[in-house]
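Given the structure is predicted, the values throughout are model-derived calculations rather than measurements. The chains referred to below are lettered A, B, ... by the order of the sequence lines, with proteins before strands, and numbering in each begins at 1.
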Amino acid sequence: MSIMPNVIIRKNQQGQLSFYVPKKDLEEMVVSIEYDGPSAWGGEVQLVDGSKYYIEPLEAPPQLPLTLRVKRL
Amino acid sequence: MTERTRTENEALIQEVLKAYPEQTKKDRAKHLMVNDKNVDKSKKCIISNKKSQPGVTTMRGCAYAGAKGVVWGPIKDMVHISHGPVGCGAYTRAGRRNYYSGFTGVNNFVTINFTSDYQEKDIVFGGDKKLEKMIDEVEMLFPLHKGISVLSECPIGLIGDDIEAVARKKSKQINKPIVPVRCEGFRGVSQSLGHHIANDSIRDWLLSKRDEDNSFETTPYDVSILGDYNIGGDAWSSRVLLEEMGLRVVAQWSGDGSLSEMELTPKVKMNLLHCYRSMNYISRHMEEKYGIPWLEYNFFGPTKIAESLRKIASHFDSKIQEGAERVIAKYQPTMDAVIAKYRPRLQGKKVLLYVGGLRPRHTVGAYEDLGMEVVGTGYEFAHNDDYDRTMKDMKDATLIYDDASAHELDEFVKVLKPDLVGSGIKEKYGFQKMGVPFRQMHSWDYSGPYHGYDGFAIFARDMDMTINNPCWSKIPVPWKQADKSSLAATA
């Protein structure tokens with residue numbers, strides 16, 4: 001069974017992407033994101049603590065913050 | 001005064017844990033830690049927001065306490081119905097001293113206890129009709145109320161009353177918002193879930209009411225104060241500083257706040273968040289839906305106030321930034337005088353805190369301004385993200401405890417020998433009988449405000465008044481009485 005938490009993705013004041021899982025009080029910076037271009041956004045995301053999540057790729061970078069359902073890898 | 005080392009504090013934790021049976025010991029060990037500044041994520045050291053152990057005396061409240069007592073209760077022009085048996089409302093009535101302006105019973109209702117007073121027949125046959133009747137009575141007796149919140153106590157969830165349906169139906173009839181809040185006390189592990197539920201109910205039933213209405217004239221300097229409950233006037237002494245630097249405070253959540261202020265909050269330019277724990281949910285929602293950034297600040301003690309004012313101002317133009325500098329310069333001489341007066345009397349005194357919300361970390365700066373040192377701190381109902389923030393604010397090797405029990409606190413105090421304990425009413429009389437100076441830091445021990453520059457002067461006076469009170473040495477602590485005959489003489 002894959003775990004699919006709801007997360008809020010936002011940009012912090014330094015412009016870094018932050019990843020917030022309300023249910024777990026997990027607030028962690030994003031280290032890498034697979035697609036971060038004008039034509040695709042999302043894919044595999046790695047956080048500072050080493051955990052990885054998968055965001056169904058969007059066709060364009062979204063307006064942040066945004067609540068998404070992601071897959072935990 | 002010698003500082004305690006990491007090893008000493010770790011040994012203290014082990015000593016305290018000895019009193020527990022194996023399973024409890026294993027569980028409680030995860031809630032106690034010695035601060036390590038090199039670790040940036042608290043979850044490696046401390047576990048929080050978990051169910052309290054059976055058999056230990058926890059100081060926590062329930063979801064109803066979080067929703068009614070903290071978030072909804074202080075909204076002044078609404079009627080807050082404690083829906084269920086009479087006790088929950090009666091014992092939470094006016095305890096938090098959320099000050100407000102207006103005429104109680106006419107256009108303000110904060111200190112009045114409205115309850116549906118459930119009886120056996122309501123449990124058996126359901127209480128929806130009673131709630132309807134009650135709303136009619138409220139409307140007749142208090143026509144100037146602006147809306148109603150229905151705060152569920154435990155039985156409402158257990159018997160399955162449909163308060164949402166009643167709220168929708170009656171709201172149409174009286175043409176005022178009625179918000180059903182599913183904050184039954186059994187939900188969650190502490191009052192913390194109550195805050196979340198209350199935030200969600202505001203989001204779902206109130207916040208979007210004026211989305212289409214653009215008649216409110218905005219300015220580029222509109223802000224709101226979130227998570228300030230105006231205990232002893234806290235929000236007022238914060239608000240004046242923001243206004244003096246040129247900002248316009250549109251809304252106060254929820255101390256001295258009103259329904260229309262809350263509905264207008266989506267129109268502000270920035271949400272200023274004092275109590276992160278109880279209102280981060282709605283801040284995050286407004287950021288996502290309305291694009292309003294939010295900023296945490298700290299208005300305890302001149303150092304942190306100046307830091308926060310500059311941080312707030314940095315998000316606005318030069319007019320506000322100059323305003324912030326002007327405000328800081330204006331109050332600096334007064335603050336210097338306060339510190340000159342009280343610091344010599346308080347220098348080097350040790351404080352042990354055990355409170356909730358934001359105080360275990362936010363008040364540290366104010367104590368340090370007075371030359372005092374916080375040797376232990378902890379929360380009743382914090383989550384991981386609170387401890388992340390706390391670890392940064394505390395000194396290395398400080399003792400940190402989550403959901404501490406009466407036994408743990410007693411032992412910590414006996415060994416750390418703080419000059420002041422700051423905690424709640426449940427701890428107050430125990431420690432006073434031990435002859436330990438104590439201040440009730442949930443509602444400022446019937447004093448306040450403590451926020452802002454005006455508040456710091458009162459804070460410093462209160463701490464001096466408590467610590468240097470001659471009464472403490474006069475309290476006969478039974479186990480310190482070497483000579484039993486002196487007791488017999490006074491018996």
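When the heavy atoms of residues 272-280 of chain B are compared with those of chain A, the residues falling under 4.5 Å are B/Y276, B/R277, B/N280, listed by number. Using non-hydrogen atoms only and a strict 4.5 Å limit, the part of residues 48-70 of chain A facing chain B consists of A/D49, A/P65, A/L66, A/T67.
Taking CD from A/E27 and CG from B/N384, the interatomic distance works out to 11.5 Å, rounded to the nearest 0.5 Å. Rounding to the nearest 0.5 Å gives a distance of 14.0 Å between NE2 of B/H383 and CG of A/L26.
Nearest heavy-atom pair, B/R284 versus A/Y20, reported as atom, atom and distance to 0.1 Å: NE-CE2, 3.3 Å.
For residues 187-208 of chain B, the set of pairs meeting the ring pair (Phe, Tyr, Trp, His ring centres under 6.0 Å) definition, not counting sequence neighbours, comprises B/H195-B/F381, B/H196-B/Y281.
Around the NZ atom of B/K37, the shell of radius 6.0 Å holds more than 12 heavy atoms that belong to other residues, nucleotides or ligands. Counting non-hydrogen atoms of neighbouring residues, nucleotides and ligands closer than 6.0 angstrom, the OH atom of A/Y35 reaches no more than 12 such neighbours.
Applying the ring pair (Phe, Tyr, Trp, His ring centres under 6.0 Å) rule to B/F299 yields the partners B/Y297; only residues at least two apart in sequence or on another chain are considered.
With a 4.5 angstrom heavy-atom cutoff, B/K43 touches chain A only via side-chain atoms.
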